[in-house]
Amino acid sequence: MSSEALIILIYILVLASFLGFELIAKVPPTLHTPLMSGSNAISGITIVGALLACNEMGYTTISKWLGMVALVLATINVVGGYTVTDRMLKMFKKK
Amino acid sequence: MSVAIELAYLIASILFVLGMKMMNKTKSARKGNRLSALGMFIAIVATLLQIDAISMVEILACIVVGSAIGLYYANKVEMTKMPEMVAIFNGFGGLASFSVALSDYFLRTEVNMESIELVTVISIIVSVFIGGLTFTGSLVAYLKLNGNISGSPITFKGQHPINLILFLGFLTAAFFTVLDQTDPMLIIILIVIALVLGILTVIPIGGADMPVVISLLNSYSGMAACATGFILNNNVLIVAGSLVGASGIILTQIMCKAMNRSLVNVLLGGFGQTVNEAQADGPSITVKEIGVEETAMLFDGVSSVIVVPGYGMAVAQAQHVIRELMEQCEKRKIDFKFAIHPVAGRMPGHMNVLLAEANISYDKLIEMESINDEFPNTDLVLIVGANDVVNPAARNNPQSPIYGMPILNADKARTVIVCKRSMGKGYAGVENELFGYPNCLMLFGDAKQTITKVVSEMKEM
């Protein structure tokens, strides 16, 4: 990785963190639980890394197995996280 | 990597941001969550396009297994068990990032026999550390919440020095890994220390501090994904990971502020243990009891009611019967509201979800700052399963361990009824002087059973 590429990644990290702070600070306490389960699902983005790690021929390498473990876990996180958040938000009603 | 795939990742990142933005309003939150899910779907499809056909079978198998487990758990879990679910899912996220980092490490050192760049080695080490710590830490948090291990702080002598030594050991092993990337022994040392530190850092923290711990672990799971993004040089992982990291940090801050404690104080653990002896000699409080029938009569005669729910309501599963109580009161044109303390329950916003599940309109759930001025003009406050968050000692007793913590001013109402199982103390281990106040009446018994009786009395009136 060239130092320019690294600097760009650090830029993305810093700016996205600031954006995150701005966005979350406005979420009302009522929604803190769905916010957590929803952001939990987003942290399942590591599924992208897991998929790439699985992209290897043969079953003999430890890399492949670790990739598959990661893929199952990240999928649970993504699918379960979004589903339970939707289930919760469905219950928030105003009469 | 082709431009189309990079663009797909960009769209996914935009959808995550928009989704989080829409979480700002209860009305748009559900749509926001779906947008975010759409973003995830796009990112997954874009990644699948880069996969060789030959690996597709096992990949789809893993996805099917993961989806089945995720769907089953998400549809089955009870709302009272949400803290447990979020805790264990944080752990899964951490372990996934940890596994991806190790997979990448072994691919480069053992399969491709290439040397790894400095930035990548450091990212792998960071990802293993945060991911591993998040995994075991979350597991301990889950077991504590689920009651498999004691919810009270587990402390032993030399705990903090041991953690420090382990951390320094990790840094040393990390330093040598940077010098010699190919030594698997060093990586194993790093893995073991990260996993052990996760356990050791969470066991001294008590059950009621779990809102802070879960928020922090939530943040860590995002940071682990972020570190993995640096390993794979992948922007969408960095964007999504830092959004989650920031979100967890903010929630952690809110929770600490609501308990008037610093993050360091929470993480060092052992809260509420040392104060017991000091308080034991204090004057005992004389309380006044009230029965079910009198309670029903009181409710029948007032014009405004505020309910203060706490974790005890969740344990007793009393939220549904409280809605019936609300219906009885509304029939009598009584103003009925809920006062929600930020740390009530075992995770941020826990009470709101439980009450929403019981079909209570969310505009009746009022935050602490907004409702505190209303207590003096309220006829009746019903406290269900809450204790420390209404203890006036936080306002007027500088000796109390909870002094300075923002509380709900329930004691200022004309009459207070406390629905409680017994005279047991709250999490902080302090006597609640509110129980001895002249305007306070104790309604002993299981919250669900007693309030059910109150409701049936009211129905007959």
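Chain letters run A, B, ... following the sequence lines, proteins first, then strands; residues in each count from 1.
Shown here for A:I45 and B:M40, the closest heavy-atom pair between the two residues is N-CE, 3.7 Å. The two atoms that bring A:L52 and B:Q50 nearest to each other are CD2-OE1, 3.8 Å, heavy atoms only. Heavy atoms only, all atoms of each residue included: B:A246 and A:S17 are closest at CB-O, 3.5 Å. A:S37 and B:M82 make their closest contact through CB-CE, 4.3 Å (heavy atoms, listed as atom of the first residue, atom of the second, distance). Taking both residues in full, the closest heavy atoms of A:A70 and B:A96 are given as CB-O, 3.5 Å, listed atom of the first, atom of the second, then distance. Considering all non-hydrogen atoms of both residues, A:P29 and B:N352 come closest at O-OD1, 4.1 Å.
Neither the backbone nor the side chain of B:R108 comes within contact range of chain A; no heavy atoms are under 4.5 Å apart. Contacts between A:V48 and chain B at a heavy-atom distance below 4.5 Å involve backbone atoms as well as side-chain atoms. Contact of A:L23 with chain B is made through backbone and side chain together, with heavy-atom distances under 4.5 Å. For B:L107, the parts lying near chain A are the backbone and the side chain together; criterion is any non-hydrogen pair under 4.5 Å. Of the atoms belonging to B:I214, heavy atoms from both backbone and side chain fall under 4.5 Å from chain A. Both the backbone and the side chain of B:E357 come within contact range of chain A, each with at least one heavy atom under 4.5 Å from a heavy atom of that chain. Within the 4.5 angstrom heavy-atom criterion, only backbone atoms of B:K25 (N, CA, C, O) approach chain A. Neither the backbone nor the side chain of B:S13 has a heavy atom closer than 4.5 Å to any heavy atom of chain A. When heavy atoms are compared at a cutoff of 4.5 Å, A:I8 does not approach chain B at all. The part of B:K76 that comes within reach of chain A is its backbone (N, CA, C, O), which places non-hydrogen atoms under 4.5 angstrom from that chain. In this structure, chain A has heavy atoms under 4.5 Å from both the backbone and the side chain of B:M23. Looking at B:V64, neither its backbone nor its side chain comes within 4.5 Å of chain A, counting heavy atoms on both sides. Only the side chain of B:T228 comes within less than 4.5 Å of a heavy atom of chain A; its backbone N, CA, C and O stay farther away. Only the side chain of B:M85 comes within contact range of chain A, with heavy atoms under 4.5 Å apart. The parts of B:V86 that come within reach of chain A are both its backbone and its side chain, each placing non-hydrogen atoms under 4.5 angstrom from that chain.
One finds the CG atom of B:L237 at 12.0 Å from the CG atom of A:L13 (value rounded to the nearest 0.5 Å). Rounded to the nearest 0.5 Å, atoms CD1 (A:I62) and OH (B:Y105) are 10.5 Å apart. Taking OH from B:Y362 and OG1 from A:T30, the interatomic distance works out to 9.0 Å, rounded to the nearest 0.5 Å. Taking CD1 from B:I238 and CG from A:L15, the interatomic distance works out to 12.0 Å, rounded to the nearest 0.5 Å. For the atom pair CD1 (B:I59) and CG (A:L51), the distance works out to 5.5 Å, reported to the nearest 0.5 Å. Of the inter-residue distances, the one linking B:K364 atom NZ with A:K94 atom NZ reads 10.5 Å to the nearest 0.5 angstrom.
In this structure, A:T33 contributes its side chain and B:G349 its backbone to a donor-acceptor pair below 3.5 Å. With hydrogens and angles ignored, the 3.5 Å screen pairs no side-chain donor or acceptor of B:S99 with any backbone N or O of A:G67. Judged by distance alone, the side chain of B:N33 and the main-chain N or O of A:Y82 form a donor-acceptor pair under 3.5 Å. For the pair B:D52 (side chain) and A:N55 (backbone), a donor-acceptor distance under 3.5 Å is absent.
Comparing A:V72, A:V79, A:N77, A:V78 by heavy-atom pairs within less than 4.5 Å of chain B, the highest count is held by A:N77. For chain A, the option among B:V65, B:I249, B:N75 with the highest count of heavy-atom pairs below 4.5 Å is B:N75. For the set A:G20, A:G49, A:A53, the count of heavy-atom pairs under 4.5 angstrom toward chain B peaks at A:G49. The candidate from B:K21, B:H350, B:E117, B:K27 with the greatest count of non-hydrogen atom pairs under 4.5 Å with chain A is B:E117. For chain A, the option among B:A225, B:G39, B:S247, B:G222 with the highest count of heavy-atom pairs below 4.5 Å is B:S247. Chain A forms more heavy-atom pairs under 4.5 Å with one residue of B:I360, B:I254, B:L355, B:V77 than with any other, namely B:V77. With chain B as partner, the option from A:I76, A:V14, A:L73 having the largest number of non-hydrogen pairs under 4.5 angstrom is A:I76. In terms of non-hydrogen atom pairs under 4.5 Å with chain B, the most contact-rich of A:L89, A:T85, A:D86, A:V27 is A:D86. Each of A:I47, A:L9, A:V69 has some count of heavy-atom pairs under 4.5 Å with chain B, and the biggest count is that of A:L9. Each of B:P211, B:S361, B:G70, B:A101 has some count of heavy-atom pairs under 4.5 Å with chain A, and the biggest count is that of B:S361. The most heavy-atom pairs under 4.5 Å with chain B, out of A:S63, A:P28, A:S43, come from A:S63. Highest contact tally toward chain A, considering only B:L365, B:D363, B:L95, is held by B:D363 [criterion: heavy-atom pairs under 4.5 Å].
Atom OH of B:Y220 is surrounded by 12 or fewer heavy atoms from other residues, nucleotides or ligands within 6.0 Å.
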Test B:Y73 against A:T83 for side chain to side chain contact (heavy atoms under 4.5 Å, CB included), laying out the working first. CA-CA 9 Å; B:Y73 199 169; A:T83 310; over 6 Å; no
Given the rule in the side chain to side chain contact (heavy atoms under 4.5 Å, CB included) test, do A:T61 and B:E110 qualify, once you have shown the distances and angles that lead to the verdict? CA-CA 9 Å; A:T61 64; B:E110 296 201 345; over 6 Å; no
Report the C-alpha distance between A:C54 and B:E58 in whole Å, list the side-chain angles of each, state the deciding distance to 0.1 Å, and finish with yes or no for side chain to side chain contact (heavy atoms under 4.5 Å, CB included). CA-CA 8 Å; A:C54 286; B:E58 59 262 25; 5.7 Å; no
Determine whether B:F89 and A:V84 satisfy the following criterion, side chain to side chain contact (heavy atoms under 4.5 Å, CB included), listing intermediate values before the conclusion. CA-CA 11 Å; B:F89 272 41; A:V84 81; over 6 Å; no
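Looking at B:L251 and A:M36, their side chains come closer than 4.5 Å, going by heavy atoms from C-beta outward. Residues B:V100 and A:L66 have side chains not in contact (no heavy-atom distance under 4.5 Å, counting atoms from C-beta outward). Between B:C62 and A:T75 the shortest side-chain heavy-atom distance does not fall below 4.5 Å. Using a 4.5 Å cut-off on side-chain heavy atoms (C-beta onward), B:S215 and A:H32 make no contact. Counting only heavy atoms from C-beta outward, the side chains of A:L6 and B:F230 approach each other to under 4.5 Å.
Of the N and O atoms on the side chains of B:N218 and A:S39, at least one donor lies less than 3.5 Å from an acceptor on the other residue.
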